[in-house]
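Quick notes on the structure that follows.
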There are 2 protein chains.
Amino acid sequence: MLTYKDVPRVPYTTAGQSWPEPGPHDQYCLDYMVRFVGDRVAAVAAETPELAEQALSLIKVNYEVLPAVLDPRQSMNPNAPRIHPEPESYRIHDATRNIAAHLHAEVGNVERGFAESDLVVEGEYIVPQVQQTPIENHIVITYWDEDDRLVVRTSTQVPYHVRRIISPVIGLSPRRIRVVKPRIGGGFGVKQEVLLEDICALLTIATDRPVKLEFSRAEEFRSSRSRHPQILRMKTGVKRDGTIIANQMTLLANTGAYGTHSLTVQSNTGSKTLPLYPCPNIRFEAEVVYTNLPPAGAFRGYGVPQGFFALESHIDEIARQLGMDALQLRRKNWLKEGDENPLAQALGEGKEGHAQIIESCGLPQCLQIVEDKLNWQEKRGKGGTGRFRHGVGVALAMHGTAIPGLDMGGASIKLNDDGSFNVLVGATDIGTGSDTVIAQIAAEVLGVRMEDIVIHSSDTDFAPFDTGAYASSTTYISGGAAKKAAEQVRMQILDVAGRMLKADPASLTINNRIITAPSGQTVTVSQVALHSLHVENQQQIMSTASWMSYNSPPPFAAQGAEVEVDTETGVVRVVKAISAVDAGRVVNPIMAEGQIEGGSTQALGYGVCEEMVYDQQGALLTTNLSDYRIYSAVDMPHMESYLVETHDPFGPFGVKAIAEIPIDGMAPAVANAVADAIGIRINQIPLTPERVLRAIHAQTQNAQR
Amino acid sequence: MLTYKDVPRVPYTTAGQSWPEPGPHDQYCLDYMVRFVGDRVAAVAAETPELAEQALSLIKVNYEVLPAVLDPRQSMNPNAPRIHPEPESYRIHDATRNIAAHLHAEVGNVERGFAESDLVVEGEYIVPQVQQTPIENHIVITYWDEDDRLVVRTSTQVPYHVRRIISPVIGLSPRRIRVVKPRIGGGFGVKQEVLLEDICALLTIATDRPVKLEFSRAEEFRSSRSRHPQILRMKTGVKRDGTIIANQMTLLANTGAYGTHSLTVQSNTGSKTLPLYPCPNIRFEAEVVYTNLPPAGAFRGYGVPQGFFALESHIDEIARQLGMDALQLRRKNWLKEGDENPLAQALGEGKEGHAQIIESCGLPQCLQIVEDKLNWQEKRGKGGTGRFRHGVGVALAMHGTAIPGLDMGGASIKLNDDGSFNVLVGATDIGTGSDTVIAQIAAEVLGVRMEDIVIHSSDTDFAPFDTGAYASSTTYISGGAAKKAAEQVRMQILDVAGRMLKADPASLTINNRIITAPSGQTVTVSQVALHSLHVENQQQIMSTASWMSYNSPPPFAAQGAEVEVDTETGVVRVVKAISAVDAGRVVNPIMAEGQIEGGSTQALGYGVCEEMVYDQQGALLTTNLSDYRIYSAVDMPHMESYLVETHDPFGPFGVKAIAEIPIDGMAPAVANAVADAIGIRINQIPLTPERVLRAIHAQTQNAQR
């Protein structure tokens with residue numbers, strides 16, 4: 001058994017981000033104090049899970065019950081209980097007021113903008129805490145290998161960060177740690193958090209035995225991570241013609257007991273959303289506050305779905321107040337190719353001197369598709385007065401593609417005897433299919449078939465460094481590394497083939513494994529391999545390359561929903577969900593559509609039914625998939641996904657991101673559709689029957705007054 | 001169960017050599033015919049070894065007994081039973097006469113040389129079949145991995161050759177095979193043979209289960225490989241002053257039932273020995289013959305110990321007939337720096353246009369050491385007439401360092417966060433310490449400590465190609481690859497450090513992990529790693545390199561023995577064994593001395609006690625380590641090993657080979673010492689009591705006639 005008395009008190013963060021991690025280092029492996037129901041108290045290892053459970057049941061913990069605070073507004077009060085009293089924690093913005101992180105950025109002068117506006121619209125929008133619910137919960141296996149090095153086999157999105165982060169916590173140098181990610185059952189950001197690896201490793205160190213540690217579903221709910229709940233206030237000034245001239249978003253986020261990702265998630269809420277509507281005066285401010293609830297962290301979308309729920313609900317509301325078509329208002333104000341994201345620099349994202357210019361933007365085509373497929377002109381504003389009312393809603397979204405000037409990937413490619421290639425990448429396939437996409441990219445460059453590529457990913461010993469599976473970066477960044485390495489290997493192949501065929505390497509082509517000279521003579525890639533290894537000069541054809549980008553070309557989406565609202569029960573049924581996404585060049589259309597369908601479905605859950613609910617003491621009530629209802633097969637609407645291909649100049653083959661953008665706009669699209677159906681804007685999701693019914697009743701009562 | 005009916009009949013060779021393997025492809029996974037007692041008949045897999053044994057005992061094999069031939073002289077008779085009647089076998093020199101391989105090389109004209117000589121000395125020398133007896137017998141584990149690829153975890157010296165060789169035999173493309181060599185218990189050449197991998201793999205393919213297959217010690221004796229027994233005839237013409245003007249070696253070798261390595265082993269017998277005494281007329285001829293005995297193959301020394309037993313016994317005999325000091329005769333004739341190995345080219349070794357010039361030769365120093373330490377002047381020729389007679393003997397040896405223009409190695413080096421390096425090499429450490437030596441080389445170039453190097457070797461998926469652990473090549477070839485890759489990585493480190501320190505990279509030094517600018521400012525290697533990965537340009541510092549050599553710089557040795565012969569029992573006790581070795585620059589002196597001690601000891605066994613003995617039907621009688629007596633702790637003489645450092649221009653840091661040279665000269669040194677002690681030359685090893693006593697009795701009878 002390990003308790004806080006057995007482990008060194010090293011402050012760290014569970015956020016698997018590039019070094020040095022920007023967020024607060026406020027966590028300890030095990031601590032003298034527990035900060036939420038579900039926090040770590042002790043760890044037990046035994047020969048069987050049953051024995052371990054029995055041992056756990058024998059532990060008696062004497063708690064001194066401290067005052068708790070669950071509401072973020074109360075938590076900021078200087079008299080509130082202090083959640084992180086430790087002087088050694090660092091990067092906490094203001095521990096005395098429980099403020100984990102604070103963000104402020106202003107371009108122009110919003111107050112002057114509001115003063116010059118014809119109409120100023122304000123609104124408050126509330127988004128819930130929801131859980132990533134990957135099919136496979138967190139699971140780790142640790143053991144000593146034959147060289148007395150610790151192998152950490154873990155369901156992670158960030159193997160290299162795991163190695164670096166647990167190193168000081170477990171007291172082993174990174175060189176003695178090998179992190180391997182086998183096939184895993186999804187991540188959605190929650191596996192960008194280093195949650196079990198340290199404890200599992202310490203148990204192996206303590207026992208000299210292999211140890212397996214796995215969250216149950218209830219533990220995954222209670223003790224892993226979630227999406228930050230936020231209260232967002234929008235204030236927007238427009239001219240009579242709809243031109244936005246001032247836009248302000250201020251938010252209060254509840255990060256729970258620990259501040260992992262608190263800074264960067266909330267930064268994204270502003271920086272990835274507000275630039276969608278460029279205007280001279282933009283202001284963004286965020287307070288991220290500790291409470292005694294289970295911590296929020298990284299979740300697909302990473303702050304952006306929150307921001308777009310507020311922004312895209314608010315745009316519809318502005319259109320309503322202006323008496324304008326909601327799509328027309330968007331078209332009037334949206335950003336265009338050549339525009340710049342000013343907020344990114346203001347928030348310190350990207351590298352100095354590298355402005356984030358929009359080089360490709362398929363928004364017009366995306367919105368046109370959604371408008372058409374939703375039958376907007378015909379269906380909008382036709383909710384009627386019956387029990388079942390239909391409405392349509394649309395929302396736009398943009399996102400980033402990797403973190404500019406920070407994310408990187410590496411690839412190492414080796415040609416084998418039989419014309420196959422070992423492609424070693426640090427990139428982490430968490431079920432997204434990134435192994436497939438990287439293999440496609442390598443095969444394309446090398447002129448061979450997919451089955452000629454043997455891909456190995458996510459092993460810190462063998463593959464070059466990669467920042468990991470986050471920020472929708474893998475195809476762009478790791479794919480770029482694979483492309484660059486493949487280009488170098490291709491040159492080596494052509495060099496040898498040129499001597500074999502007595503031809504200028506530059507004159508050769510490779511197609512379907514066959515290298516052809518202008519004379520028509522050919523050799524196969526396998527023949528080149530054997531020739532190089534065994535006949536001529538004995539060279540292993542092989543190369544390694546790194547890739548990063550100072551640019552984060554945004555993908556765009558338009559998403560639309562048609563809903564049916566049962567005004568007697570408050571049930572919102574989504575009838576149709578349309579997404580049109582500009583993700584640049586699409587490497588694998590089937591998998592890209594899968595990303596759109598998956599992201600849209602998670603967003604439907606976010607908008608309609610998912611919410612973590614606590615009792616008065618802060619104990620989570622929704623700890624299983626019956627009480628916490630995700631959007632499932634029976635709920636599914638008719639869903640259509642469209643890919644609008646653009647060609648962005650920065651990424652390999654013109655790619656942009658696909659992984660997160662589809663989760664950004666669907667919830668506000670549904671809320672806008674509900675508003676269209678029943679004539680009431682509900683500013684809080686999920687749109688549960690209770691909440692919808694309450695809104696309908698309130699309106700009826702207002703009308704009766 | 002698998003029999004020959006369950007597997008395709010693909011001819012292959014078990015010799016793990018560079019593609020295309022030069023020797024006969026005369027073996028089948030399982031065949032309708034067994035060619036020796038110990039040949040494969042059927043394979044059984046079961047849940048436990050006991051069940052498998054039980055299943056084996058239930059197999060009834062109906063043999064049609066064919067005539068067998070055990071003697072190589074009889075085997076060449078066209079009327080002898082034909083051992084390989086298969087038309088599809090290829091590269092068999094003459095299947096109708098059971099000749100697996102034939103070699104012939106002549107420089108000058110030996111017949112004219114003999115005619116011009118003052119004295120022509122002839123002699124026949126016979127060397128036994130001996131076994132490598134590694135501590136760990138052959139063992140293989142095969143299983144399917146999660147990507148439906150076959151993992152072959154095997155005690156091999158040649159992982160990449162295993163992959164290529166078993167591929168057609170088991171019907172899986174190399175890309176679906178991953179070969180891993182874990183820590184293994186020695187090889188000595190016998191694990192350069194691919195003996196169990198194919199059967200084990202086929203059992204996994206048949207059962208979809210992991211399978212482990214392991215030789216017992218008796219199976220290792222009967223069914224693995226051994227040193228080729230040879231009958232060598234020497235004929236040498238000298239001038240009265242001792243100048244050798246014609247030298248001829250003809251040999252008949254017994255390769256047993258299969259011809260693995262038959263060509264190259266016997267080629268070495270001439271090409272690595274005869275050039276020790278350059279003279280205008282040299283002739284070498286070899287017949288390698290099939291018999292129905294367990295096959296010979298690769299064994300440390302690889303034909304050279306056989307050749308030197310004949311040559312160095314013969315030189316002593318010539319000296320005796322000339323009345324010259326045996327060392328003086330050697331000094332008069334030995335090769336010198338700047339000389340060329342003419343036989344290498346004549347035998348087709350090395351690449352055209354790349355003469356094998358001797359650039360470094362420490363023979364004079366080596367022989368002086370042995371002469372001194374053996375007290376040669378005082379002890380030579382003082383055998384006396386008592387029961388216990390003492391004698392001293394010396395032999396010289398030379399060897400090769402890798403196969404010129406053919407052996408290659410690759411290395412890939414990656415810098416980690418903490419200033420450690422993952423060094424991936426195909427090189428195969430079979431207990432020789434090559435992992436250590438390669439780590440030393442990398443650490444030296446990179447300016448870091450040994451513990452900063454995390455070495456990974458012998459995994460076909462992750463490491464670049466390497467021809468494997470044979471031909472004493474690893475430090476020279478794979479070490480060269482590691483040095484080259486490390487130099488590239490060092491340049492990348494200095495490049496980043498130069499920007500960090502605002503200094504010219506060329507002005508920087510790295511010592512003990514610290515990079516220092518002329519200004520005195522420093523950064524650590526770990527700081528450079530973090531800066532490169534996370535701060536500046538996001539580059540994984542990493543490189544890959546291949547290395548090969550057109551040169552095979554010979555190591556040299558002088559070896560000496562003092563023996564005590566009990567003339568009543570015939571027991572030869574080696575009292576003292578001295579070796580002085582020129583292996584170029586020595587990277588790790590302790591391990592190099594270990595190589596000398598180990599090689600010398602194996603050679604003492606070869607000379608004094610080891611021999612595989614058969615019954616009349618060709619069944620091996622010596623199938624355990626009691627009946628087959630290796631030289632063991634209680635037999636050990638006082639042993640001294642000296643390293644004479646030279647600096648050869650071709651290898652990394654001036655290294656040459658160390659692994660095989662110490663096994664080459666000790667057996668003839670003992671035979672020469674015995675001849676010195678008792679005045680009788682015994683031309684056959686091992687010098688068992690029976691053989692010595694018989695020689696003494698024969699001489700006594702001659703004297704009495």
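The sequence lines fix the lettering, A, B, ..., with proteins before strands; numbering per chain opens at 1. Only a predicted model underlies this, so the values are computations on that prediction, with no experimental measurement involved.
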Toward chain A, the part of B:Ser167 with a non-hydrogen atom under 4.5 Å: neither

Please classify the contact between A:Leu406 and chain B as side chain, backbone, both or neither, with a heavy-atom cut-off of under 4.5 Å. both

Could you look at A:Phe421 and say if it's the side chain, the backbone, both or neither that has a heavy atom under 4.5 Å from chain B? neither

Honestly, the part of A:Ala463 sitting under 4.5 Å from a heavy atom of chain B is backbone

B:Ser546 side chain vs A:Gln540 backbone, donor-acceptor pair below 3.5 Å: yes

With a 4.5 angstrom heavy-atom cut-off, is it the side chain or the backbone of A:Thr460 that approaches chain B, or both, or neither? backbone

Mind listing the closest non-hydrogen atom pair of A:Thr544 and B:Ser543 along with its distance? CG2-CA, 4.0 Å

With chain B as the partner, which of A:Val454, A:Leu530, A:Val535 has the greatest number of non-hydrogen pairs under 4.5 Å? A:Leu530

Is there a side-chain contact between A:Leu424 and B:Phe462, using heavy atoms and a 4.5 Å cut-off? yes

So which part of A:Pro182 gets closer than 4.5 Å to some heavy atom of chain B, the side chain, the backbone, both or neither? both

Most heavy-atom pairs under 4.5 Å with chain B, out of A:Asp466, A:Asp461, A:Asp417, belong to A:Asp461

Is the shortest side-chain heavy-atom distance between B:Gln538 and A:Asp407 below 4.5 Å? no

Check the surroundings of atom CE in B:Met450: do more than 12 heavy atoms from other residues, nucleotides or ligands lie under 6.0 Å from it? yes

If you count heavy-atom pairs under 4.5 Å between each of B:Glu146, B:His534, B:Met408 and chain A, which one has the most? B:His534

For the candidates A:Glu536, A:Arg163, A:His456, A:Arg164, which exhibits the highest count of non-hydrogen atom pairs separated by less than 4.5 Å from chain B? A:His456

Do any N or O atoms from the side chain of B:Lys414 and from the backbone of A:Phe465 form a donor-acceptor pair under 3.5 angstrom? no

Does B:Arg175 reach the main-chain N or O of A:Asn416 with its side chain, forming a donor-acceptor pair under 3.5 Å? no

Report which part of A:Arg176 has an atom under 4.5 Å of a heavy atom belonging to chain B: side chain, backbone, both, or neither. neither

Heavy atoms only, distances under 4.5 angstrom: which of A:Pro464, A:Gly409, A:Ala545 has the most pairs with chain B? Name it, please. A:Pro464

What are the two closest non-hydrogen atoms of A:Met548 and B:Asn537, and how far apart are they? CG-O, 3.1 Å

